2 protein chains.
Amino acid sequence: MPQFVHLDSTPSPLHKSPHPVDTRSRCTNCAMQQRCLPSGLSETDTRRLDSIMVRHRVWRNDLLYRMGDRFASIYVIRLGHFKTYQVNAEGVEQITGFPMSGDFLGMDAIGAGCHPSFAVALEDSELCEIPFARLETLFSEMPALLRRFHRSLGQEISREQNSMLLMGNLRAEQRFASFLVNVSRNYRARGFSPTSFVLRMTRQDIGNYLGLTIESISRLLTKFARIGWIRVNQREIELLDLPRLTSLVTQKSCY
Amino acid sequence: MPQFVHLDSTPSPLHKSPHPVDTRSRCTNCAMQQRCLPSGLSETDTRRLDSIMVRHRVWRNDLLYRMGDRFASIYVIRLGHFKTYQVNAEGVEQITGFPMSGDFLGMDAIGAGCHPSFAVALEDSELCEIPFARLETLFSEMPALLRRFHRSLGQEISREQNSMLLMGNLRAEQRFASFLVNVSRNYRARGFSPTSFVLRMTRQDIGNYLGLTIESISRLLTKFARIGWIRVNQREIELLDLPRLTSLVTQKSCY
DNA sequence: CGAATGTTTGAAGGTGATCAAATGGGGTGG
DNA sequence: CCACCCCATTTGATCACCTTCAAACATTCG
């Protein structure tokens with residue numbers, strides 16, 4: 001698996017140059033309301049939560065936060081795609097996820113006081129910053145918000161356990177199929193086409209995420225295309241046989 | 001990697017036959033106080049938290065909870081060792097961790113309403129059950145407790161990200177060294193010998209956890225012993241050259 | 001004691017990594 | 001608009017690592 005060292009050391013974009021978004025874009029008319037903290041909250045509670053949020057626009061390759069940054073806020077992706085990754089002592093990176101609209105960022109920092117991972121935008125994106133200290137003050141007054149927040153934290157934990165299951169048990173072919181099926185599910189859950197989408201990340205990123213080399217990813221893409229399960233054009237992917245892809249994942253692991 | 005299907009379907013031990021422990025074993029004289037929720041709490045707050053906790057004793061191979069069980073409580077291990085694992089559609093299990101005294105159990109269920117994983121005792125153990133609904137009522141009155149709880153959740157998330165880094169980037173030798181070093185650190189943090197300990201889990205479990213076969217684990221053990229880095233006698237392990245083991249992990253990954 | 005489970009060791013094979021080179025797009029500047 | 005470069009991707013050939021299969025051995029528990 002190719003390695004790349006993290007060299008960039010410019011400050012996080014939100015620290016040097018925030019791009020506040022039109023403040024009229026409130027929670028109440030946000031498409032991601034159901035996946036976000038306001039879900040299940042009353043009108044008035046939503047408004048209070050809304051009032052502490054700060055909207056931002058970030059550009060492709062912008063670093064939202066870097067490993068070691070002091071933790072101050074969590075974020076919800078309003079629009080766009082990110083990747084999160086860790087970097088070990090030698091500068092080797094491991095991508096831990098590809099969060100997209102409606103997903104949270106920065107949850108892993110809550111325990112530590114500083115971010116244990118990086119988050120970078122894969123495309124121009126919009127997100128909501130939630131200053132954590134201010135969020136905490138709301139918890140005491142809005143139990144429903146706290147429960148909602150805990151649910152998100154718990155989901156984050158079990159999502160990562162799933163990734164472990166994937167990395168530990170599946171062969172290359174299954175891992176990649178699992179990746180495609182997951183992307184498909186994510187798009188379906190957000191009302192987009194589950195069978196036709198554009199991958200926002202490079203083959204490199206996919207390989208890193210799945211613990212495979214870029215060459216393996218490329219070969220798997222051509223293989224799946226040859227069988228007729230998918231159609232590939234650059235980063236455009238069309239899933240022609242989602243059932244078969246799914247069954248590949250749930251098949252008994254080979255080893 | 002050998003697979004084994006989860007067949008046992010007896011109810012969780014705490015549901016059929018709780019083993020309440022001497023109620024005099026309070027938080028205030030608990031050895032794990034610093035790693036647990038009372039950490040940083042006032043005397044009175046600790047006592048209130050203490051009052052909602054239920055102590056249990058479980059035996060080796062007892063299932064604390066199973067995947068699909070309704071979520072009602074989180075647990076803190078007071079004494080002993082557990083393993084947590086998921087089981088996919090085909091019954092293939094993936095061990096996600098080996099929590100020990102001072103660690104939490106059941107955190108991954110908070111998001112879901114039911115447990116997304118299994119927890120089984122690797123030896124006779126003691127733990128504190130914290131009914132989650134009652135814990136939530138305390139949150140509103142004890143902000144310090146809430147912050148402490150969030151820290152634990154965040155740590156759980158970043159701990160699992162570390163496991164992903166391990167599984168995705170390291171070779172068999174490094175994974176196993178990393179496992180040993182981690183066990184060592186855990187014991188050191190709890191005041192036990194970091195160089196001499198008994199592994200509570202089978203080779204099977206270690207292999208499953210690391211994404212390797214039992215044979216590979218066995219070979220790595222003999223290899224490390226031959227080099228003189230460790231001494232092995234059954235499940236007793238002595239780390240003779242912890243620095244070298246550590247450096248192996250932080251070495252540049254091979255692929 | 002016997003059965004079941006866990007562990008070690010050996011030999012062989014396959015999967016995916018590595019190395020190498022060619023191909024193709026996208027962006028920049030002329 | 002084209003030429004150029006850079007980067008991402010594809011494809012091929014070889015090889016190493018780790019799995020698989022097999023069998024012996026050790027340990028635990030009824």
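What you see is a predicted model; the values in this text were computed from it and never measured. Order of the sequence lines fixes the chain letters, A, B, ..., with proteins taken first and strands second; residue numbering starts at 1 for each chain.
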Nucleotides 12-14 of chain D: which of its N/O atoms have a protein N/O under 3.5 Å away?
unit_1, atom_1, unit_2, atom_2, d
dG12(D), N7, Arg219(A), NH1, 2.9
dG12(D), O6, Arg219(A), NH2, 3.2
dA13(D), N6, Arg219(A), NH2, 3.4

*Enumerate the residue pairs fulfilling ring-ring contact (aromatic ring centres under 6.0 Å, His included) with a member in residues 162-185 of chain B, sequence neighbours excluded, ordered by first and then second residue.*
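Only Phe176(B)-Phe224(B) qualify under ring-ring contact (aromatic ring centres under 6.0 Å, His included).
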Rounded to the Å, how far apart are [X] [atom1] and [N] [atom2]?
X	N	atom1	atom2	answer
Asp205(B)	dT7(C)	CG	C1'	13 Å
Asn233(A)	dG24(C)	CG	P	13 Å
Asn169(A)	dT19(D)	CG	C1'	14 Å
Leu221(A)	dT9(D)	CG	P	10 Å
Ile217(A)	dT18(C)	CD1	P	14 Å
Arg203(A)	dT10(D)	CZ	P	4 Å
Phe176(A)	dA17(C)	CZ	P	13 Å
Leu170(A)	dG16(C)	CG	P	11 Å

List the residues meeting side-chain hydrogen bond (donor to acceptor under 3.5 Å, both in side chains) with [X], not counting sequence neighbours, and say none if there are none.
X	answer
Asp124(B)	none
Arg219(B)	none
Ser73(B)	Glu129(B)
Ser125(B)	none

_Testing Thr202(B), Asp205(B), Thr96(B), Asn208(B) one by one against Lys83(B) for a side chain to side chain donor-acceptor pair (under 3.5 Å), which residue passes?_
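Only one of Thr202(B), Asp205(B), Thr96(B), Asn208(B) forms a side chain to side chain donor-acceptor pair (under 3.5 Å) with Lys83(B), namely Asp205(B).
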*Can a salt bridge be assigned to the pair Asp103(B) and Arg159(B) using a cut-off of 4.0 Å between side-chain N and carboxylate O?*
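No, this pair does not count.
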*Of all the choices, dT7(C), dT19(D), dG16(C), which nucleotide is nearest to the side chain of Thr202(B) once you look at every atom?*
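Of the candidates, dT7(C) comes closest.
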*Among dT9(D), dT9(C), dT18(C), the nucleotide that comes nearest once only the side chain of Thr222(B) is considered*: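 Nucleotide nearest to Thr222(B)'s side chain: dT9(C).
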*Could you run down nucleotides 24-30 of chain D 5' to 3' and tag each one B, S or - for protein heavy-atom contact under 4.0 Å?*
---S---
*Assess whether side-chain contact (heavy atoms from CB on, under 4.5 Å) is satisfied between Ile74(A) and Leu105(A), documenting all intermediate values.*
CA-CA 6 Å; Ile74(A) 58 173; Leu105(A) 286 170; over 6 Å; no
Considering residues at least two apart in sequence or located in another chain, which fulfil the side chain to side chain contact (heavy atoms under 4.5 Å, CB included) criterion with [X]?
X	answer
Asn162(B)	Gln86(A)
Ala109(B)	Phe71(B), His115(B), Pro116(B)
Val198(B)	Arg200(B), Arg235(B), Glu236(B)

_What contact category does Ser216(A) fall into here, base, sugar-phosphate, or nothing, at under 4.0 angstrom with non-hydrogen atoms?_
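Sugar-phosphate only.
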Under 3.5 Å, which N/O atoms of the protein pair with N/O atoms of nucleotides 12-15 of chain C?
unit_1, atom_1, unit_2, atom_2, d
dT15(C), O3', Arg171(A), NH2, 3.3

*Tell me, with the steps shown, if Phe98(A) and Tyr209(A) meet ring-ring contact (aromatic ring centres under 6.0 Å, His included).*
CA-CA 9 Å; Phe98(A) 297 108; Tyr209(A) 176 62; 5.0 Å; yes
_Quick check on the helix from dC1(C)-dG30(D) to dG30(C)-dC1(D): what's the angle between its two end axes, five base pairs per end, to the nearest 10°?_
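Between the first-five-pair axis and the last-five-pair axis there is 50°.
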*Look at the side chain of Glu160(B) and the backbone N and O of Ile157(B), then say whether any donor-acceptor pair between them is shorter than 3.5 Å.*
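Absent.
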*Between Arg203(A) and Glu215(A), is a salt bridge (charged side-chain N to carboxylate O under 4.0 Å, His left out) present by the stated rule, with each step listed?*
CA-CA 9 Å; Arg203(A) 308 271 195 268; Glu215(A) 292 96 330; over 6 Å; no
_Can you tell me if Thr213(B) touches the phosphate of dT19(D), counting only side-chain N or O atoms and a distance under 4.0 Å to OP1 or OP2?_
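Affirmative; the distance criterion is met.
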